[in-house]
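Written below as structure tokens is the structure these notes are about.
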Amino acid sequence: MREKRITKNIFLLSMFQLWTMDGEGEKMESSYFFPFQCYSLSMIFDSHFHLPSMAARGLSTTLPSSFLGLECGTEADDLRERILLVGKRRDVFLSVGVGPWSLDRPEWKGTADAISTLRRNIGLYGADAIGECGFDNHWGYGTKEEQKRLFVAQAELAKELEVPLIIHSRDSDQEILDVISLLDERTIMHCFSSPPEIAEKLLERGVYLSFSGNVTYKANREIQKSAEICPLDRILYETDSPYLSPVPMRGRPNMPEYTEHTLTFLAALRNEEKEKIKESAVSNFLRVLNHSESVVERETVLLQG
């Protein structure tokens with residue numbers, strides 16, 4: 001039986017923040033409790049990673065035992081493969097989306113066909129979010145018009161389904177500003193790599209900014225400035241595994257566990273405690289997903305193998 005999507009009101013009523021206390025009554029560790037599981041702030045948190053790409057590089061796809069994160073889609077028809085990699089874990093959410101790179105695939109049949117495939121997979125398995133999708137002027141996939149058409153179709157699909165939208169943007173600040181009216185408090189800018197003036201415009205729309213390992217690179221001062229001004233109630237962090245490993249792991253394939261290095265860097269950059277940033281990021285992540293239990297239907301896929 002398909003899991004029923006948990007509504008916002010039920011989510012708000014079912015989430016309790018718990019604290020453990022030390023001997024003097026001081027708060028030591030925060031947890032988020034739901035009817036189905038408890039997320040502790042001692043866990044590894046990663047708001048964006050790619051298990052198929054990790055597997056293709058011969059990396060382990062076994063996630064930490066204490067974990068919370070989102071395994072992100074890149075192609076219209078990759079959800080089944082990713083469900084098999086995730087297995088029965090309920091601490092991993094899944095999105096479905098079509099990145100601009102699909103425009104250069106030999107099998108590309110157009111935006112309408114891609115959206116039809118997305119809808120079919122969502123109908124079969126559900127979806128926690130749409131994405132990643134967006135713009136890429138670095139590699140210049142397809143044409144700018146094709147990139148925009150594909151993105152707008154997915155942004156509209158996310159609004160129709162009332163799920164978050166996860167955006168890929170590389171050297172595409174103007175393209176993001178051109179569609180900013182489609183972005184809101186259910187939008188995540190994955191691997192945010194833009195200067196603070198772009199960050200400010202997005203934050204005015206309620207958009208969440210997710211920082212990856214490239215924020216730790218010495219040359220990326222503009223990204224660091226954006227991380228400095230991002231409010232705690234809009235901050236996320238990620239690995240984008242297996243890409244963009246943070247310092248000191250730069251040069252190696254990235255892994256979800258390496259978010260701790262990015263978190264440590266963000267804490268020093270912002271002059272804040274790591275625990276405070278992690279607590280905010282976890283709260284933001286669960287808020288934007290708007291439910292505590294993944295709506296992706298996995299049992300049928302896992303039984304079929």
Side-chain angles (χ1 to χ4, degrees), residues 47-54 56-57 70-79 82 95-115 117-118 129-158 164-183 187-199 201-202 205 207-215 217 219-220 222-223 226-227 236-246 250 253-254:
S47 70
H48 190 115
F49 59 96
H50 303 282
L51 289 181
S53 296
M54 291 168 60
R57 286 159 175 75
L70 185 140
E71 204 284 327
C72 196
T74 59
E75 306 286 352
D77 60 354
D78 65 5
L79 184 54
R82 293 161 49 229
S95 67
V96 287
V98 188
W101 40 82
S102 293
L103 295 167
D104 285 352
R105 300 278 194 259
E107 63 272 18
W108 178 251
K109 298 179 181 178
T111 293
D113 179 76
I115 298 301
T117 301
L118 277 183
I130 298 296
E132 61 183 281
C133 57
F135 304 92
D136 197 314
N137 284 328
H138 180 81
W139 295 109
Y141 303 107
T143 66
K144 290 189 176 184
E145 292 75 18
E146 288 174 323
Q147 286 194 24
K148 184 174 183 179
R149 188 180 308 117
L150 179 59
F151 171 78
V152 170
Q154 292 179 86
E156 292 174 345
L157 180 60
L165 177 68
I166 302 169
I167 297 180
H168 169 99
S169 175
R170 187 168 186 185
D171 299 337
S172 302
D173 289 345
Q174 186 56 54
E175 284 72 16
I176 291 297
L177 294 180
D178 289 344
V179 297
I180 199 167
S181 63
L182 297 174
L183 314 185
T187 303
I188 298 173
M189 293 296 300
H190 135 70
C191 188
F192 189 74
S193 303
S194 299
E197 53 267 28
I198 301 297
K201 292 181 183 297
L202 292 167
R205 300 285 303 178
V207 173
Y208 292 83
L209 308 183
S210 185
F211 295 94
S212 189
N214 61 344
V215 74
Y217 302 166
N220 288 343
E222 291 300 294
I223 303 175
S226 294
L236 295 168
Y237 59 92
E238 61 176 83
T239 58
D240 196 22
S241 294
Y243 315 107
L244 295 175
S245 293
R250 191 175 184 182
N254 209 353

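Just so we're clear, the structure is a prediction, and the values are computed from it rather than from any experiment.
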Can any side-chain N or O of [X] pair as donor or acceptor with the backbone N or O of [Y] at less than 3.5 Å?
X	Y	value
Arg170	Ser193	no
Glu146	Leu103	no
Gln147	Tyr141	yes
Asp136	Trp139	yes
Ser169	Phe135	no
Arg57	Pro242	no

Are [X] and [Y] packed together at the side-chain level, in the sense that at least one heavy-atom pair is separated by less than 4.5 angstrom?
X	Y	result
Thr117	Val98	no
His168	Pro100	yes
Phe192	Glu238	no
Glu222	Ser194	no
Ile130	Ile166	no
Thr239	Pro246	no
Glu132	His50	yes
Cys191	Asn214	yes

Report the distance from atom [atom1] of [X] to atom [atom2] of [Y], rounding to the nearest 0.5 Å.
X	Y	atom1	atom2	value
Leu165	Ile188	CG	CD1	9.0 Å
Ser226	Asn220	OG	CG	10.5 Å
Leu182	Gln154	CG	CD	12.0 Å
Asp173	Asn137	CG	CG	9.5 Å
Tyr237	Phe211	OH	CZ	13.5 Å
Glu75	Glu107	CD	CD	7.5 Å

| Audit row: Asp240, Asn254, side-chain contact (heavy atoms from CB on, under 4.5 Å) steps and yes/no | CA-CA 8 Å; Asp240 196 22; Asn254 209 353; 5.6 Å; no
| query | Run the side-chain contact (heavy atoms from CB on, under 4.5 Å) check on Leu183 and Ile176 step by step: do they pass? | reply | CA-CA 9 Å; Leu183 314 185; Ile176 291 297; 4.2 Å; yes
Minimum heavy-atom distance [X]-[Y], with the two atoms named:
X	Y	result
Arg205	Ser181	NH2-O, 3.0 Å
Ser102	Thr74	OG-O, 4.0 Å
Leu51	Glu71	N-OE2, 2.8 Å
His48	Cys72	CE1-SG, 3.2 Å

| request: Show the numbers, then the answer: is there a side-chain contact (heavy atoms from CB on, under 4.5 Å) between Tyr217 and Leu244? | output: CA-CA 10 Å; Tyr217 302 166; Leu244 295 175; 4.2 Å; yes
| Do the side-chain N and O atoms of Ser53 and Tyr243 include a donor-acceptor pair separated by under 3.5 angstrom? |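 Side chains of Ser53 and Tyr243: pair found under 3.5 Å.
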| task | Determine, step by step, whether Lys144 and Ser172 satisfy the side-chain contact (heavy atoms from CB on, under 4.5 Å) criterion, reporting the C-alpha distance in whole Å, the side-chain angles of both residues, the deciding distance to 0.1 Å, and the verdict. | result | CA-CA 10 Å; Lys144 290 189 176 184; Ser172 302; over 6 Å; no
